[in-house]
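The structure appears below as structure tokens.
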Amino acid sequence: MLGRVAIASTPFDPEAEIAAFRKALDDSGAIVTFTGQVRPSRGDGSVTTLSLQHYPGMTERGIESMLDDAAQRWSLEAALVIHRVGDLRPHEPIVLVATASRHRRAAFEAADFLMDYLKSRALLWKSETGPNGKLWIEPRDEDYADAARWDRQPPGGR
Amino acid sequence: MLGRVAIASTPFDPEAEIAAFRKALDDSGAIVTFTGQVRPSRGDGSVTTLSLQHYPGMTERGIESMLDDAAQRWSLEAALVIHRVGDLRPHEPIVLVATASRHRRAAFEAADFLMDYLKSRALLWKSETGPNGKLWIEPRDEDYADAARWDRQPPGGR
Amino acid sequence: MAKLLFFGRLGDLAGGIERAVGLSEPHSVSALIAVLAAGDRLLGSALLEDRVRYALNGTIVDREALVEDGDELAFLPPVSGG
Amino acid sequence: MAKLLFFGRLGDLAGGIERAVGLSEPHSVSALIAVLAAGDRLLGSALLEDRVRYALNGTIVDREALVEDGDELAFLPPVSGG
């Protein structure tokens with residue numbers, strides 16, 4: 001499997017990345033992408049800045065090993081993870097995951113799996129700064145539960 | 001929910017469509033896309049043409065009612081289905097599904113659901129023409145089983 | 001005239017996707033298939049296969065539905081998209 | 001000198017993401033936290049919370065691991081990405 005992990009400290013263009021990802025494919029009929037972007041302010045008109053921090057080197061290695069895990073679980077031709085760090089404004093892309101496989105089920109499940117990892121296990125720390133100050137975000141219980149789904153299906157199980 | 005269905009008789013650009021879809025969003029933090037494209041020839045060097053036929057009007061209405069069904073099952077801001085018809089060459093996009101929601105689970109599940117519908121229930125007929133002539137394709141057993149997953153969870157179940 | 005539409009492999013059997021038939025009186029879908037089978041037994045039996053559905057003016061119907069001049073009847077074999 | 005890295009809210013508590021400490025002899029992670037706690041009890045207790053993990057030169061370790069000059073020790077509170 002061709003895997004690529006990038007931590008971007010400036011805005012990236014998800015569709016340009018998806019186009020490049022798709023053009024490099026040979027045998028895949030199915031491409032699934034997930035784009036996460038900063039949601040606008042919370043209805044009160046206030047502007048919120050989202051900040052993301054990573055541990056250079058260790059964060060990338062953790063995501064790369066998660067791509068290896070995905071490659072053992074599913075038959076994928078390629079997988080891509082791009083994650084923003086730094087300060088982000090509403091509507092800016094935070095994360096892009098793309099997966100490609102011969103048939104759609106593998107691509108869907110692998111993208112879902114990678115997002116679950118990024119949400120609650122990757123070495124990334126997210127804070128929101130708004131009119132009431134700075135708040136460090138933790139995964140929702142749902143995010144932990146989502147990630148735990150895959151622990152019950154270790155690699156090689158399918 | 002903002003829904004759009006298009007049957008395209010000429011090639012379309014998935015990433016341009018995804019970019020337009022994403023730019024029109026207001027409150028969504030999660031965008032999932034599925035792109036299906038023609039897989040290259042089967043290793044024997046032969047070139048195969050894929051042909052897709054639809055029933056103008058009735059096909060679109062069927063897909064639209066499936067978008068309505070998705071809107072009842074999940075909280076989505078927008079959903080898009082573009083499906084090619086006519087003659088397609090290897091690597092040409094066949095189908096694009098895009099879904100947008102506040103959180104990722106709804107967007108993932110709705111895209112998965114829509115693809116299952118398109119694969120085995122939408123009024124589309126697919127044939128392959130290669131060195132051995134023309135073959136009408138039918139869904140794999142797996143495709144029927146995938147679509148049946150949702151029948152067990154009727155709309156309103158979540 | 002009623003318009004008949006043959007999708008997928010049924011179009012190959014019918015020698016074309018579209019055919020017009022003049023109906024002096026309403027025919028059930030079954031009766032219409034019997035008329036077609038008289039001219040082409042292979043097509044006739046294909047149109048009666050279990051998994052073939054019928055759409056009259058854009059709505060799925062059963063074989064008892066009545067077709068008359070001006071109607072559009074489509075024969076829909078198993079589908080496959082994506 | 002050893003380099004200490006405080007991620008997420010631990011950086012706010014430590015007053016910065018990075019701090020250098022001179023270690024004349026190897027210290028366990030626990031001992032190092034005790035030194036830090038002597039200067040800042042709030043930070044000290046935050047570093048001992050159950051969900052905080054420790055990475056020594058890029059590898060997750062427990063509190064018994066020994067840190068010496070030239071090492072990089074990172075304090076990793078609960079993560080959240082995506």
Side-chain angles (χ1 to χ4, degrees), chain A residues 13-43 50 77 88 90-116 118-119 139-140 142-143 145-146 149, chain B residues 13-43 50 77 88 90-116 118-119 139-140 142-143 145-146 149:
Chain A
D13 177 341
E15 289 80 22
E17 299 289 349
I18 297 168
F21 177 81
R22 197 165 62 81
K23 281 197 180 60
L25 297 174
D26 174 29
D27 188 41
S28 292
I31 300 104
V32 170
T33 74
F34 178 88
T35 303
Q37 60 185 23
V38 184
R39 289 177 45 213
S41 47
R42 307 176 175 297
L50 191 77
E77 182 180 347
L88 286 81
H91 296 295
E92 278 187 14
I94 306 169
V95 60
L96 171 67
V97 164
T99 54
S101 59
R102 291 167 65 96
H103 297 294
R104 73 189 183 289
R105 181 99 348 255
F108 265 117
E109 291 188 4
D112 197 6
F113 168 83
L114 291 170
M115 277 310 304
D116 285 347
L118 291 166
K119 275 279 172 182
R140 302 167 299 161
E142 194 182 329
D143 293 318
D146 281 349
R149 293 182 297 164
Chain B
D13 178 340
E15 290 79 22
E17 299 288 349
I18 297 168
F21 177 81
R22 196 165 63 80
K23 280 196 182 61
L25 296 174
D26 174 29
D27 188 42
S28 292
I31 299 103
V32 170
T33 74
F34 178 89
T35 302
Q37 60 186 22
V38 184
R39 290 176 48 213
S41 47
R42 310 179 174 295
L50 192 76
E77 181 180 346
L88 286 81
H91 296 296
E92 277 189 12
I94 307 168
V95 60
L96 171 66
V97 163
T99 55
S101 59
R102 291 166 68 95
H103 298 293
R104 73 188 183 289
R105 181 101 345 257
F108 265 118
E109 292 188 3
D112 198 4
F113 167 82
L114 291 170
M115 277 309 305
D116 285 348
L118 290 167
K119 275 278 174 185
R140 302 168 299 162
E142 194 182 328
D143 293 319
D146 281 348
R149 293 183 297 165

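In what follows, every chain begins at residue 1, and chains take the letters A, B, ... in the order their sequences are listed.
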Derivation of the salt bridge (Lys or Arg N to Asp or Glu O under 4.0 Å) call for A/Asp146 and A/Arg140: CA-CA 10 Å; A/Asp146 281 349; A/Arg140 302 167 299 161; 5.5 Å; no

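- Of all the heavy atoms in A/Val32 and A/Ala111, the pair that sits closest is CG1-CB, 3.7 Å.
- With respect to chain B, the highest number of heavy-atom pairs below 4.5 Å among A/Asp116, A/Asp13, A/Thr33 belongs to A/Thr33.
- Contact annotation for B/Ser28: only backbone heavy atoms (N, CA, C, O) come within less than 4.5 Å of a heavy atom of chain A.
- Between A/Arg149 and A/Asp112, at least one side-chain nitrogen of the basic residue sits less than 4.0 Å from a carboxylate oxygen of the acidic one, meeting the salt-bridge criterion.
- With a 4.5 angstrom heavy-atom cutoff, B/Arg102 touches chain A via backbone and side-chain atoms both.
- From A/Leu96, atom CG reaches atom CG of A/Leu118 across 10.5 Å, with rounding to the nearest 0.5 Å.
- When the candidates A/Thr99, A/Thr35, A/Val38, A/Val95 are compared by the number of heavy-atom contacts under 4.5 Å with chain B, A/Thr35 comes out ahead.
- B/Ala107 does not touch chain A: none of its heavy atoms, backbone or side chain, sits under 4.5 Å away.
- Neither the backbone nor the side chain of B/Lys23 comes within contact range of chain A; no heavy atom of the residue lies under 4.5 Å from a heavy atom of that chain.
- For B/His103, the part lying near chain A is the side chain, with the backbone staying farther off; criterion is any non-hydrogen pair under 4.5 Å.
- In this structure, A/Arg104 pairs ionically with B/Asp143, as a charged nitrogen and a carboxylate oxygen lie closer than 4.0 Å.
- Side chain of B/Glu77 to main chain of B/Asp27: a donor-acceptor pair is present (N/O by atom type, distance under 3.5 Å, no hydrogens or angles).
- Residue B/Ile94: no heavy atom, backbone or side chain, is found under 4.5 Å from chain A.
- Proximity to chain A involves both the backbone and the side chain of B/Asp26, based on heavy atoms less than 4.5 angstrom apart.
- If you look at A/Phe34 and B/Phe108, their ring centroids are closer than 6.0 Å.
- No part of A/Ala98 comes within reach of chain B, as not one of its non-hydrogen atoms sits under 4.5 angstrom from that chain.
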